[in-house]
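Working notes, structure below.
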Protein chains: 2
Amino acid sequence: MKKITISDVAKHANISKSTVSQYLNERYEYMGEQTKQRIHESIIELGYSPNYLARSLKQKKTFTIGIMVANILHGFSTKVIRAIEDACNEENIHTIVCNTDEDPEKEQKYMEMLQAKQVDGFIVFPAGENAKVYQRMLEQNTPLVFIDRIMSDLKIDTVLMDNERASELAVENFAKHGHEKLAVATPELKPYMTPRLERLSGFKKALQTNNLPVKEDYLISENLDSLQERLQHVFTMEDPPTAMLANNDLTLVEMLEFFKKSNIRLPDDISIIGIDDVPFANVYHPGITTIEQPAFKIGKKAAELLFDQINDTASEPEVYRFAPKLFERESVKTLDE
Amino acid sequence: MKKITISDVAKHANISKSTVSQYLNERYEYMGEQTKQRIHESIIELGYSPNYLARSLKQKKTFTIGIMVANILHGFSTKVIRAIEDACNEENIHTIVCNTDEDPEKEQKYMEMLQAKQVDGFIVFPAGENAKVYQRMLEQNTPLVFIDRIMSDLKIDTVLMDNERASELAVENFAKHGHEKLAVATPELKPYMTPRLERLSGFKKALQTNNLPVKEDYLISENLDSLQERLQHVFTMEDPPTAMLANNDLTLVEMLEFFKKSNIRLPDDISIIGIDDVPFANVYHPGITTIEQPAFKIGKKAAELLFDQINDTASEPEVYRFAPKLFERESVKTLDE
DNA sequence: CTGTTAGCGCTTTCAG
DNA sequence: CTGAAAGCGCTAACAG
């Protein structure tokens, strides 16, 4: 089946290409009613469908954006992406999402290929040390917004959760229930991993403002692979914590696995709170108190900021933070005096 | 910053456009070593990056495919997508994924827009009654492969799990542990929802081959919203089941919620198995025996089939089924005589 | 080994 | 109100 083009339609309707083009772009201000009719009929008769590629080439706009994410398998990313896609759908924009696996080279390659495909902009969860790449985009005026990680050297719109507030929420909840020996577990820290860093610093700050002791041994930052060993160590200390914050969902799962294996009972032996939403929070025994990231708000905002940049209606780049929300369930035990 | 094009490079290198084009496409068979050098230098000096749009227009190939999925928030879809993207990455193909929310109109609109963008093909989780749309694609020779749902009227490559086998696996496991009163819960059935249908039919068949009674009351197919009520009813019958299969992850969660609320203990009061992988299977008390879909294999195969169609190396359309895998944990109790 | 030429399918002045 | 013509950036014969 041969591709049929605008010229075929024009010929069929006995009219010129440009008029058909006008019609397609709904610029029928001065167009004859019957011309319109004729075009319309020809289009359906021929089963014409326009070639956006050609249009984009001319208009220098593809109505396509790129999203760079570490891994779509991660729940937070997936939600953010969904929110972005919903926002894009309203504007008839499509999204190409790429998994960088936290590999800066892979990210760079993807971004360059998408640029070659002339995408209108990028929303990226930055994969670490790629500053020069972003810098170049900036210089080329490529619309760009970051999610989740702040790169302080770069003037780029960034949207993320108020991570310090999240830890604070957790600490306050533990404190309210009478806990004083608070621990936190976070995966390995890297300088560009804003959320982990901020959640940890927020935790420490909150300890202080709540006049709670900060014990270095309780501040666990460890590769997920070896987290369980580390926990093993902490929970065989003579004065183990009574409450523990999981800095993200993966950490939570590791913790739970460890507790299960070690026969440490929730919430009697240990109270926990997890940052990040997990699908089983409700059905677990006990239900797990969680602090959710406003993933949809974050995605929506990021999309809006990008659209503003694309449409040249953007203001100065800023960092936008969204409030976390605590869902109290049963995993924090109330301690009596 | 003005976009710099192939002509600029040609001019800068004192050479013609076509030679530069050759260079870019690595057809430097007869190209002078120094010409190559010159081009190379000009390219970096000018910071040239090719415009794939223009190339695609000419070549009639965009190296982009569309994926239509009900909702990326669903775990199975996400995994399949990830597998597809990995396969695409090897071929330098990009994917545009669209959420249809099971809405055929939305699906149709998306597919038509992507066709207008000249994508090279589609992988789709069909959203129900859109046969005419697919039919048209077929007639236009648009490469197309289905995942998860079979549309028997259409000759289209389809890849999915062997769903009947999954239920059979569950029944066998229950039987092995001495259970005879087996129930199954599935969300609402629609004629095009192959997996649900097949899992249910597989369940019944397996009951028979294992000489187990099939009791209609135990075959629960219900909207997720009202599933809990229905379970309530089943578990207050005089002769409740001792084992129950959750036909998918969402159903599992509903079931667990119900059991928790109703103080029905796992696995003492009820044994369960869930089809679909869930992130908490291991950490739950008790660990939940699950039957996993080979999502990655499915995604990979779908991508390969699509590539074959794109490259005109495809054989006759077929249905490909992949084996499920059972992970035994602690949610099935062994019954004594 | 390199340059010329003619498009890919569409949009967009600019005349008429 | 409609048509002619140029051109978006690149590729692909075909000459030379």
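Here the structure is a predicted model, which is why all the values come from computation and not from measurement. Letters go in sequence order (proteins before strands), and every chain restarts at 1.
- Shown here are the salt bridge (charged side-chain N to carboxylate O under 4.0 Å, His left out) partners of A:D101, two or more places apart in sequence or in another chain: A:K106, B:R82.
- Between B:F63 and B:Y52, the gap from one ring centroid to the other reaches at least 6.0 Å.
- Over its length, the helix from C:dC1-D:dG16 to C:dG16-D:dC1 turns its helix axis by 40°, as judged from the five terminal pairs at each end, rounded to 10°.
- Residues meeting the salt bridge (charged side-chain N to carboxylate O under 4.0 Å, His left out) test with A:K79, sequence neighbours left out: A:D277.
- Judged as a salt bridge (charged side-chain N to carboxylate O under 4.0 Å, His left out), and not counting sequence neighbours, A:K17 has no contacts.
- Within 4.0 Å of B:T35, counting heavy atoms only, lie sugar-phosphate atoms of the nucleic acid but no base atom.
- Atom NZ of B:K11 sits about 11.0 Å away from atom CG of B:L46, to the nearest 0.5 Å.
- For B:E102, the salt bridge (charged side-chain N to carboxylate O under 4.0 Å, His left out) partners are B:R149, not counting sequence neighbours.
- Put simply, CG on A:N14 is 16 Å from C1' on D:dC1, counting in whole angstrom units.
- Following rounding to the nearest Å, B:R38 (CZ) and C:dC1 (P) show an atom-to-atom distance of 14 Å.
- Looking at A:E304 and A:K300, a side-chain N of the basic residue comes within less than 4.0 Å of a carboxylate O on the acidic one, giving a salt bridge.
- Under the 4.5 Å side-chain criterion, counting only non-hydrogen atoms from C-beta, A:F125 is not in contact with A:T100.
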Where along nucleotides 9-16 of chain D does protein come under 4.0 Å, by heavy atom, of base (B) or sugar-phosphate alone (S), with - for untouched nucleotides? BBBB----

